[in-house]
Amino acid sequence: MNIVELQQVEKSYQGVTALHQLDLKLQQGEVLGLFGHNGAGKTTTIKLILGLIGATAGQVKVFGEDPTQSEARNLRRQLGFLQENVSFYDQLTGLEVLQYFARLKGVSKKSCLSLLEQVGLSQAGHRRVKTYSKGMRQRLGLAQALLGEPKLLLLDEPTVGLDPIATQDFYRRIEQLKAQGCTAILCSHVLPGVEKYIDRALILGRGKLLAEGSVNDLRHQADLPATFHLQGNLTLPDHLVPHAQQDETGTRMEVALQDKMSTMQQLIGLPGLENMDVHLPSLEDLYTHFIESHGQHDVRQEAIR
Ligand code: ATP
């Protein structure tokens with residue numbers, strides 16, 4: 001059974017079509033990165049999966065059930081959700097906030113202390129939330145999302161406000177949860193660093209699916225070149241010269257992805273070669289490619305469609 005299944009889902013808000021015929025299948029233990037410009041339809045997709053809104057057309061199934069139905073109450077206990085720009089009751093302590101959400105979710109309060117520890121807030125658990133920094137509030141939000149060991153995590157901008165170490169800790173925690181069979185959807189505008197933690201990426205533009213697949217699949221779909229940076233006093237073979245450009249840091253050369261290994265083999269033994277770096281298209285490069293190749297580079301108006 002798919003944990004999440006969207007079939008030809010459309011969502012319109014008062015004449016604004018936020019999602020067009022979206023198909024999505026997520027299996028247990030998969031981590032999906034959901035990316036797109038402002039107003040692309042990411043939050044709408046998450047709200048549909050949570051059952052907070054219903055689809056205008058098409059079918060949404062979560063753990064095989066329609067999440068908007070009131071009988072889906074048990075299903076909601078299996079979900080963990082972190083919304084963008086999380087905010088809490090400022091007068092409560094971190095521990096009280098977590099215990100409050102534990103009660104709402106019907107989860108034992110016992111897990112709250114250990115969750116605070118997991119997100120690095122055990123020292124601050126008895127302080128009021130109004131004294132928390134932005135990153136501490138975000139960590140509290142993560143602890144809230146992890147209440148009750150959810151089987152499906154929906155995280156909207158989970159690393160916003162987290163410092164680099166806390167971001168690493170967060171992704172390690174996602175890896176552990178994935179190893180335990182948890183499925184996750186991560187929405188983020190911060191693409192660097194995400195790619196090694198996701199199994200698949202789905203890129204939305206103006207409510208339409210622009211691309212979907214593992215980062216490697218997307219590299220092949222996009223057919224962007226691999227970029228070599230070479231340093232040293234070297235003479236390139238004649239057939240590589242047209243691909244090369246000199247700049248102040250050395251020689252820069254773009255070759256088709258499928259020629260990467262053969263090019264490396266040709267370069268490696270060249271007299272005078274002191275250093276060689278190879279850059280594959282990053283998730284950010286791929287995102288920009290798919291957004292621009294669908295004529296969606298001017299997306300500044302999207303949020304106010
Ligand atoms: P962001 O990255 O800015 O959070 P997003 O990808 O999450 O954006 P959504 O919030 O899903 O985008 O919005 C998709 C589209 O639907 C936008 O054009 C938005 O203006 C519109 N929209 C969302 N909610 C409503 C609503 N309640 N009423 C009317 N339009 C809405």
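Start at 1 and go down the list; that is how both ligands and their atoms are numbered.
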One residue to check: His37. Relative to ligand 1, which of side chain, backbone, both or neither has a non-hydrogen atom less than 4.0 Å away? backbone
Considering the heavy atoms of Ala18, write down every atom of ligand 1 situated less than 4.0 Å from one of them. 14 (C), 15 (C), 16 (O)
Give the numbers and elements of all ligand 1 atoms closer than 4.0 Å to a heavy atom of Glu84. 4 (O)
May I have the list of side-chain donor-acceptor pairs in residues 41-49 shorter than 3.5 Å, sequence neighbours left out?
unit_1 : atom_1 : unit_2 : atom_2 : d
Lys42  : NZ     : Gly36  : O      : 2.9
Lys42  : NZ     : His37  : O      : 2.9
Thr43  : OG1    : Asp156 : OD2    : 3.4
Thr44  : OG1    : Tyr13  : OH     : 2.9
Thr45  : OG1    : Gly41  : O      : 2.7

So for atom OH, which belongs to Tyr171, do other residues, nucleotides or ligands contribute more than 12 heavy atoms lying within a distance under 6.0 Å? yes
Taking the six-membered ring for Trp, is the centroid-to-centroid distance between Phe88 and Tyr132 below 6.0 Å?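 So the answer is no for these two rings.
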Spacing of His243 atom NE2 and Thr263 atom OG1 [to the nearest 0.5 Å]: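 Interatomic distance, His243 NE2 to Thr263 OG1, rounded to 0.5 Å: 7.5 Å.
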Side chain to side chain contact (heavy atoms under 4.5 Å, CB included), paired with Arg200, selected from Asp217, Leu218, Leu26: Leu26
Could you tell me if any non-hydrogen atom of His189 lies under 4.0 Å from any atom of ligand 1?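 Yes, that is the case, since the closest heavy atom of the residue is under 4.0 Å from the ligand.
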Contact (N/O only, under 3.5 Å) between Ala40 and ligand 1: yes
Under 3.5 Å, N or O to N or O, is Gly41 touching ligand 1 that way?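 By distance alone, the answer is yes.
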Closest by any non-hydrogen atom to atom 1 (P) of ligand 1: pick that one out of Asn38, Val16, Thr44, Leu48.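 Residue with the shortest heavy-atom distance to the ligand atom: Asn38.
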For atom 14 (C) of ligand 1, which candidate among Ser12, Gly39, Gly15 provides the closest heavy atom? Gly39
Atom of Val129, atom of Thr93 and distance for their closest heavy-atom approach: CG2-C, 4.0 Å
